[in-house]
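Since the structure is predicted, the reported quantities are computational estimates derived from the model, not experimental observations. If you read the sequence from its start, that first residue is 1, and numbering goes on from there.
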Amino acid sequence: MTHKFQILTLPGKLALAVVSASSYWLLSLLMQHSDAFDELLSQANAGFHLVGIIFGALVMAPYVAVSERRAVRVVLMCIASAVIYYLAVRFVVDGPLSHVTITPFLLSGCGAALLAGLAVVALAPKSFSWKLIPLTLAAGAAGGAAFELELAFDANVMVGHAAWQLLVCLALHYGFLPDPGREG
């Protein structure tokens, strides 16, 4: 059975990534200005799970094949994304490396981006391409490095989240494009 894939252009994918990153900013604002919302999302780091779910739904799920099992695959993609996002944050905060250096941000960014790409391969499913590996690792490293930017207006590291999400979006897009001159 041949699956048809939803066709979404790069600008469309980037727009979804901007919406996803903006949701982090909105959640941060709600947590700052609402004690009840802050308490709710602070329980078991639910805020990071929610950010991961939104990233999975908006950035990773568009790769899911249109089929009778699409809804299940999208839900699984969102769960995978939530777990990846949570583990990335926990690695930086509680991991073996001091989070006062850039190293855990780079490693966490690389690992999370690579896992996001592999989740798309496994759950969409998309054909694996070796170019996905260096693209996701480079995007993850650059996005992870953006968390080290100390900007006075960015107490919630919005720039880091936005950079990582947009760069991973680009890595996924170019990582799954067929190689020029190849059939198939």
Please tell me if the side chains of [X] and [Y] come closer than 4.5 Å, counting only heavy atoms from C-beta onward.
X: Leu123; Y: Val64; value: no
X: Pro96; Y: Phe91; value: yes
X: Phe128; Y: Leu118; value: yes

Can [Y] be reached from [X] by stepping across I, L, V, M, F, W or Y side chains whose heavy atoms are under 4.5 Å apart?
X: Leu167; Y: Leu115; answer: no
X: Met60; Y: Leu114; answer: yes
X: Val121; Y: Val168; answer: yes
X: Val89; Y: Phe105; answer: yes
X: Ile84; Y: Val93; answer: no

| How long is the gap from OG on Ser81 to CG on Leu76, to the nearest 0.5 Å? |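 Reported value, rounded in 0.5 Å steps: 12.5 Å.
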| task | Look up atom OH in Tyr85 and atom NE2 in His161, then write down how far apart they are to the nearest 0.5 Å. | result | 4.5 Å
| field | CA sep, side-chain torsions, deciding dist, call: Trp164, Tyr24, ring-ring contact (aromatic ring centres under 6.0 Å, His included) | value | CA-CA 12 Å; Trp164 186 87; Tyr24 172 79; over 10 Å; no
Show me the donor-acceptor pairs, under 3.5 Å and distance only, between side chains in residues 16-23 and residues at least two apart or in other chains.
residue : atom : partner : partner atom : Å
Ser20   : OG   : Gln165  : OE1          : 2.6
Ser22   : OG   : Val18   : O            : 2.7
Ser23   : OG   : Ser20   : O            : 2.5

| Ala145: what forms a side-chain contact (heavy atoms from CB on, under 4.5 Å) with it, not counting sequence neighbours? |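 Ala145 satisfies side-chain contact (heavy atoms from CB on, under 4.5 Å) with Ile102, Leu106 once adjacent residues are dropped.
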| message | Determine whether Ile53 and Ile79 satisfy the following criterion, side-chain contact (heavy atoms from CB on, under 4.5 Å), listing intermediate values before the conclusion. | response | CA-CA 6 Å; Ile53 289 168; Ile79 291 169; over 6 Å; no
| Does any pair with a residue in residues 166-176 pass side-chain hydrogen bond (donor to acceptor under 3.5 Å, both in side chains), and if so which ones, sequence neighbours excluded? |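 Non-adjacent pairs meeting side-chain hydrogen bond (donor to acceptor under 3.5 Å, both in side chains): Lys13-His173.
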| field | side-chain hydrogen bond (donor to acceptor under 3.5 Å, both in side chains) contacts touching residues 105-125 (sequence neighbours left out) | value |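 Qualifying pairs: none.
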For [X] versus [Y], what's the shortest heavy-atom pair and its separation?
X: Gly117; Y: Leu172; value: CA-CD2, 3.6 Å
X: Ala112; Y: Ala88; value: CB-CB, 3.8 Å
X: Ala80; Y: Ala119; value: CB-CB, 4.3 Å

Can you list, pair by pair, the side-chain donor-acceptor contacts under 3.5 Å of residues 135-144, counting residues two or more places apart and other chains?
residue : atom : partner : partner atom : Å
Thr136  : OG1  : Leu132  : O            : 2.9
Thr136  : OG1  : Ile133  : O            : 3.1

| Residues in ring-ring contact (aromatic ring centres under 6.0 Å, His included) contact with Phe176, at least two apart in sequence or another chain |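 Testing Phe176 for ring-ring contact (aromatic ring centres under 6.0 Å, His included), a comparison that skips the adjacent residues, returns Tyr63.
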